[in-house]
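Notes to accompany the following structure.
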Amino acid sequence: AGERALNGMIPGGFRHYEQSVRVVEKLEKDGKGLNLTKEVRDGILCHTRGKEASTLEGRIVKISDRIAYINHDIDDAQRAGVLLAEEIPWHVVEALGDRRSARINTLVCSIVEHSTPTQLKMASDVQQAFDELYRFMYDNVYNNPVAKSEESKVPGLVEALYRHYLAAPDKLPDELRIVREREGPERAVCDYIAGMSDRFAVQEFEALTVPQSWARY
């Protein structure tokens, strides 16, 4: 939701996989970037849907990302009360494991054992269970009415932060000063918001919009 909000506000649009490359090329090390090879940067750029990375190593990033976020989202959904552990289909639990660490271990080991020098593969039963888990998460978590109701709040939050820092770019962190000078305040503000955690973004929004109680003297 945050990505969609930024995409509608930033000149030229916003896509998180492009931002990931921007981080390693232009934002890390005080604007100097990291000394990464073309193949590594290509793997980062192609880590989501769409175009495949040009190397097998790059394609590992894509499946690793999927394994990581689905399993972490299960934990987050359980903490949020959106998902109960017993709601995950039992045959998926039997195939992959009943804990995050067990599921990740099963998936990674299956890729190591069944991949070839030219293709990344899992065992067929593990792949089937993982695909079903993916569909289950979309049906029961990502499209859950509770999650969707919270998602609708995001555009207003992101827009408020964007307009605030665009009007007061001097309040951006010092490390984004070079970005402001070279590429303008819009780009610097986008970089700042894109790098925020959910918790920090909400805290910043509350600090800007919620009146604070006066101190007692």
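Not measured: the values here are computed from a predicted model. The chain is numbered in sequence order, starting from 1.
Within the model, atoms CD1 of Ile44 and OG of Ser20 stand 7.0 Å from one another, a figure rounded to the nearest 0.5 Å. Rounding to the nearest 0.5 Å gives a distance of 4.0 Å between CD1 of Ile111 and CE of Met122. Note that the CG atom of Leu45 and the CZ atom of Arg15 stand 10.5 Å from one another [nearest 0.5 Å]. Arg99 CZ to Thr106 OG1: the interatomic distance, rounded to the nearest 0.5 Å, is 9.5 Å. A distance of 6.5 Å separates CG of Asp170 from CZ of Arg180, quoted to the nearest 0.5 Å.
Under the 4.5 Å side-chain contact rule for hydrophobic residues, Val112 and Leu107 share a cluster. If you chain together hydrophobic residues whose side chains sit under 4.5 Å apart, Tyr69 and Leu133 fall into the same group. Leu56 and Val108 fall within the same hydrophobic cluster, where Ile, Leu, Val, Met, Phe, Trp and Tyr residues are linked whenever their side-chain heavy atoms come under 4.5 Å apart, directly or through other members.
When each of Asp75, Asn105, Asn71 is checked for a side-chain hydrogen bond (donor to acceptor under 3.5 Å, both in side chains) with Arg100, only Asp75 meets the rule.
Two residues are said to be in side-chain contact when any heavy atoms from C-beta on lie closer than 4.5 Å; Gln119 and Thr116 meet this criterion. Inter-residue side-chain proximity for Leu83 and Phe136 is flagged as met; some heavy-atom pair is nearer than 4.5 Å. Taking 4.5 Å as the limit, some side-chain heavy atom of Arg66 sits within range of a side-chain heavy atom of Phe130. In this structure, Tyr17 and Cys46 have side chains that are not in contact, with every pair of non-hydrogen atoms separated by 4.5 Å or more. Inter-residue side-chain proximity for Asn140 and Ile88 is flagged as unmet; no heavy-atom pair is nearer than 4.5 Å. Residues His47 and His16 form a side-chain contact, since some pair of their non-hydrogen atoms from C-beta on lies under 4.5 Å apart. Side-chain atoms of His114 and Val126, non-hydrogen and from C-beta on, never get closer than 4.5 Å to each other. No side-chain heavy atom of Arg177 sits less than 4.5 Å from a side-chain heavy atom of Asp174.
Between Asp191 and Arg187, at least one side-chain N (NZ, or NE/NH1/NH2) sits under 4.0 Å from a carboxylate O, which counts as a salt bridge. A salt bridge links Arg22 to Glu183: at least one charged side-chain nitrogen sits closer than 4.0 Å to a carboxylate oxygen. Salt bridge annotation for Glu25-Lys32: absent, with no cationic side-chain nitrogen under 4.0 angstrom from a carboxylate oxygen. A salt bridge does not link Asp98 with Arg103: every distance from a Lys NZ or Arg NE/NH1/NH2 to an Asp or Glu carboxylate oxygen is 4.0 Å or more. Residues Lys62 and Asp65 are not paired through a salt bridge, judged by the lack of any N-O separation under 4.0 Å between the basic side chain and the carboxylate.
For Asp30, the CG atom counts as loosely surrounded, since its 6.0 Å shell holds 12 or fewer non-hydrogen atoms of other residues, nucleotides or ligands. Around atom CD of Glu18, more than 12 heavy atoms belonging to other residues, nucleotides or ligands sit under 6.0 Å away.
A donor-acceptor pair is defined here as one N or O able to donate and one able to accept, closer than 3.5 Å; no such pair exists between the side chain of Asp42 and the backbone of Ala53.
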Exercise. Kindly indicate, with the supporting measurements, whether the criterion side-chain hydrogen bond (donor to acceptor under 3.5 Å, both in side chains) is fulfilled by Glu3 and Asn7.
Key: CA-CA 6 Å; Glu3 179 175 18; Asn7 188 49; over 6 Å; no

Exercise. In sequence, state the C-alpha distance, the side-chain angles, and the governing distance for His164 and Glu204, and then conclude on side-chain hydrogen bond (donor to acceptor under 3.5 Å, both in side chains).
Key: CA-CA 10 Å; His164 169 74; Glu204 287 290 284; over 6 Å; no

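Grouped by direct or indirect side-chain proximity (heavy atoms under 4.5 Å, Ile/Leu/Val/Met/Phe/Trp/Tyr only), Tyr165 sits with Leu6, Met9, Ile10, Phe14, Val23, Leu27, Val154, Leu157, Val158, Leu161, Tyr162, Leu166, Leu172, Leu176, Val179, Val189, Tyr192, Ile193, Met196, Phe200, Val202, Phe205, Leu208.
In this structure, Tyr138 has its ring center closer than 6.0 angstrom to the ring center of Tyr134.
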